[in-house]
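Worksheet for the structure shown next.
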Amino acid sequence: MDLLIQFQCLFYSFVYGFVMTGVYHIINRFLYKVPCVIRYLFQIVIGISFGVLYFYGLVIINDGILRLYFFFLIFIGYLFYQKYYARYLLYYLEKVVLIIKKIISPFIFFFHRINVIIQKRIRKVKEKWQRNKDDQNIEN
């Protein structure tokens, strides 16, 4: 493995650690209300898929040769993300989620009103069926 390929692998490992941590935070942000068992299963699947993607990238760059310092650079990318970008990304992610909630809220209100109307109709039909059933029982 020549020096250029090693440099590409080091850069790939650093960027992969940085991006992987960001994606992991975003996914965990959207799954924080999900029950713990399901969240852990998602984390296992995400971890396996990240590992496969990392190794596939190394296969493309340097025929899949793993070195210990590649993992060290992934860890450095993780630390760089945590130290300098985690707060900003999560802050802007919260802003985006808030904007999406404001955009979607009229539609949620509309569907909630439709659901209330449908539930009232269903309750009336059930009461009518119950009265008809009770009337049939009294006649018998």
### Message
Show me the pairs that pass salt bridge (charged side-chain N to carboxylate O under 4.0 Å, His left out) and involve residues 15-26, at least two apart or across chains.
### Response
none
### Query
If you look only at pairs with a residue in residues 81-102, which of them pass as a ring-ring contact (aromatic ring centres under 6.0 Å, His included), with sequence neighbours excluded?
F18-Y81, F18-Y85, H25-Y81, F80-Y84, F80-Y85
### Task
Write out all pairs satisfying salt bridge (charged side-chain N to carboxylate O under 4.0 Å, His left out) with one or both partners inside residues 35-62, taking only residues at least two apart or from two chains.
none
### Message
I'd like to know whether CZ of F50 has more than 12 heavy-atom contacts from other residues, nucleotides or ligands below 6.0 angstrom.
### Response
yes
### Query
With sequence neighbours left out, what residues match R67 under salt bridge (charged side-chain N to carboxylate O under 4.0 Å, His left out)?
none
### Task
Could you list the residues that satisfy side-chain hydrogen bond (donor to acceptor under 3.5 Å, both in side chains) with Q43, not counting sequence neighbours?
Y24, N28
Using distance only, find each side-chain donor-acceptor pair of residues 106-122 under 3.5 Å and give its atom names and separation, not counting sequence neighbours.
| residue | atom | partner | partner atom | Å |
| --- | --- | --- | --- | --- |
| N115 | OD1 | Q119 | NE2 | 3.4 |

### Query
Mind checking what makes side chain to side chain contact (heavy atoms under 4.5 Å, CB included) contact with F55, not counting sequence neighbours?
V59, L66
### Summary
Residues pairing under salt bridge (charged side-chain N to carboxylate O under 4.0 Å, His left out) where one sits in residues 71-85, two or more places apart or in two chains, turn out to be none
#### Entry: Connected-component partners of I103 among ILVMFWY, side-chain separation under 4.5 Å
I99
### ILVMFWY cluster membership beyond Y56 - transitive side-chain contacts under 4.5 angstrom
I60
### Query
Is Y78 isolated, or which residues cluster with it under the ILVMFWY side-chain rule of less than 4.5 Å, directly or via members?
F75, L79
### Message
Can you pull out every salt bridge (charged side-chain N to carboxylate O under 4.0 Å, His left out) where at least one residue sits in residues 2-31? Sequence neighbours excluded, please.
### Response
R29-E94
